[in-house]
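What you are looking at is a predicted structure, and each value in this text was computed from that prediction instead of being measured. Just follow the structure's listing: the first ligand is 1, and inside any ligand the first atom is 1.
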Amino acid sequence: MDANLNKNGRGSWNSRLAFVLAAAGSAVGLGNIWGFPTVTAQHGGGGFVLLYLACILLVALPVMLAEMVIGRAGEKNPVGALKHLKPGTPWYLVGALGVITGLIILSFYTVIAGWTVYYFIQAMGGALTVPPGAEDSAAYFAGMFRDMIANPGYEILFVAVFMIATTAIVAVGIQKGIERSIKIMMPLLFLLLAFLIFRSVTLEGAGAGIRFYLIPDLTAITPGVIVLALGQAFFSLSLGMGVMITYGSYLSKDECLPSSAGYVVATDSLIAICAGLIVFPVIFFMISAHGADLNDLVATGAGLVFVIFPQILTELPGGTAATLVFGSAFFLLLAIAALTSAISILEVVTAHLVDDWKIPRKRAAWGAGTVIFILAIPSALSHGAVGWLSEGGWFGISFFDLLYILTFRFFLPIGALGLALFVGWVWGLEKASEEIRTGTPAFRLERLWHLMIRYIAPVAITIILIAQIVDVFGG
Ligand code: PFF
């Protein structure tokens, strides 16, 4: 038998470290390095950080453990695992929603990931400096971004490059593909992060940025911000669509699930916080150098990373060389973070095809990768390249935003709610605890976890969902 396969003929992780790194790699993505600093800046700084951490501890961590337990007990992808644990019931539909959510999320995630690849290449080629005689740097970089998103050829080319990389890794399998690539990419990601933080916090004006970021201003916390914080927590931790079920299904029975979940959550939160330590000093450097306004700088998410950031790069002490090194490192960091997340999403879809449809892995991965690439085309073209897909076109908002809102605000919370209810009320806490205890003889927080997964998480998620519905359809 192939050493990479377990007794069921499925892949398996080589070690607990491999699992934790892969799960953390899924969690750490554009949502941390770009999303978290942007929403934090838009919603009052330190107060939002505090709220986010509360959501993580009270709701996201218990759901993460629930997903891992389902995966290891069900030994399959989300659809197969739920079918296995509760045969003959419709609960597998929660898993099916996860697979569909995965297809949709990856179809727009890969567009942004494609932009990061494009900017990394630009940075390496020295193109992130304003040529002499050009307009001012703000106009120059806004133009560069506009040219990229209005050009169908570029958009589709870079989506293709990114999807080929993602699919090639998933097609090879758990140990030889995902594990091997993660073991190179995650340490590289930590290294790039450390380098970028060091550069940022030593900038002029950094202190003001760090204060804004880390000193909580509780007056900025409103019900709307709480909703956002929980949505951000789910997205950032890859929860609600079965990534942790799928990754958990490749775990051996003697691994300690609560501490694995704890490590993944801690890594993800730490990296989100660290990303803020890169972005905020840089923003406040801009404010102190030009008297720019914080709200203008962070008004659009895309603007912050692809327009403002390159602009600031050109002003760093150290001239062109500093711009080249800092710029390349930053966009490489984003691209790697996106790749380790994209792999996990494609793995959910691939595992479903392999487990439940008996399609060989290579064919399943390349088939799913191709479908996602095709689905990504309308999102790629919805930033101005094709009018009816863009803002103000047929859908009122851009096609990209439509998919983003649908999944981020609805499908992920619905999926997380379904999984919490499944473990808390349907499959049963006793069975879940039994599964946890096979690798964790002393599961000390068992009662607390039961309380959270049975009551606190479902109630919190339901409130959030109602608030979202009122927000989207009410006004
Ligand atoms: N957690 C990833 C991020 O923060 O960018 C995004 C993501 C990956 C969301 C996987 C959902 C998912 F299933």
Would you mind telling me if ligand 1 is within reach of the side chain of Ser238, the backbone, both or neither, using heavy atoms under 4.0 Å?
-> both
Are Phe235 and Leu412 close enough that some pair of their side-chain heavy atoms sits under 4.5 Å apart?
-> yes
Would you call Val69 and Trp427 a side-chain contact if the rule is heavy atoms closer than 4.5 Å?
-> yes
Which atoms of ligand 1 sit under 4.0 Å from any heavy atom of Asn32?
-> 4 (O)
Measure centre to centre between the rings of Phe306 and Trp34, then say whether the value is under 6.0 Å.
-> yes
Residue Met241 vicinity, atoms of ligand 1 by number, heavy atom under 4.0 Å = 12 (C), 13 (F)
Please work out whether the ring planes of Tyr250 and Trp13 are parallel, tilted or perpendicular, with thresholds of 30° and 60°.
-> perpendicular
Find out whether Ile156 and Leu381 are in side-chain contact, i.e. whether some heavy atom of one side chain is under 4.5 Å from a heavy atom of the other.
-> yes
Got the closest protein heavy atom to atom 9 (C) of ligand 1, with its distance?
-> Phe235 O, 3.4 Å
Which atoms of ligand 1 sit under 4.0 Å from any heavy atom of Ser341?
-> 2 (C)
Are the ring centres of Phe120 and Trp115 closer than 6.0 Å?
-> no
Could you list which atoms of ligand 1 come closer than 4.0 Å to a heavy atom of Ser26?
-> 1 (N), 2 (C), 8 (C)
For atom 4 (O) of ligand 1, which protein heavy atom lies nearest, and how many Å away is it?
-> Ala27 O, 3.0 Å
Between Ser236 and ligand 1, is there a nitrogen or oxygen pair with a distance under 3.5 Å?
-> yes
The closest protein heavy-atom partner of atom 5 (O) of ligand 1 is Tyr109 OH, 2.5 Å
Where does the angle between the aromatic ring planes of Tyr52 and Phe48 fall among parallel (under 30°), tilted (30 to 60°) and perpendicular (over 60°)?
-> parallel
Output the list of atoms in ligand 1 that are nearer than 4.0 Å to some heavy atom of Gly31, sorted by atom number.
-> 3 (C), 4 (O), 5 (O)
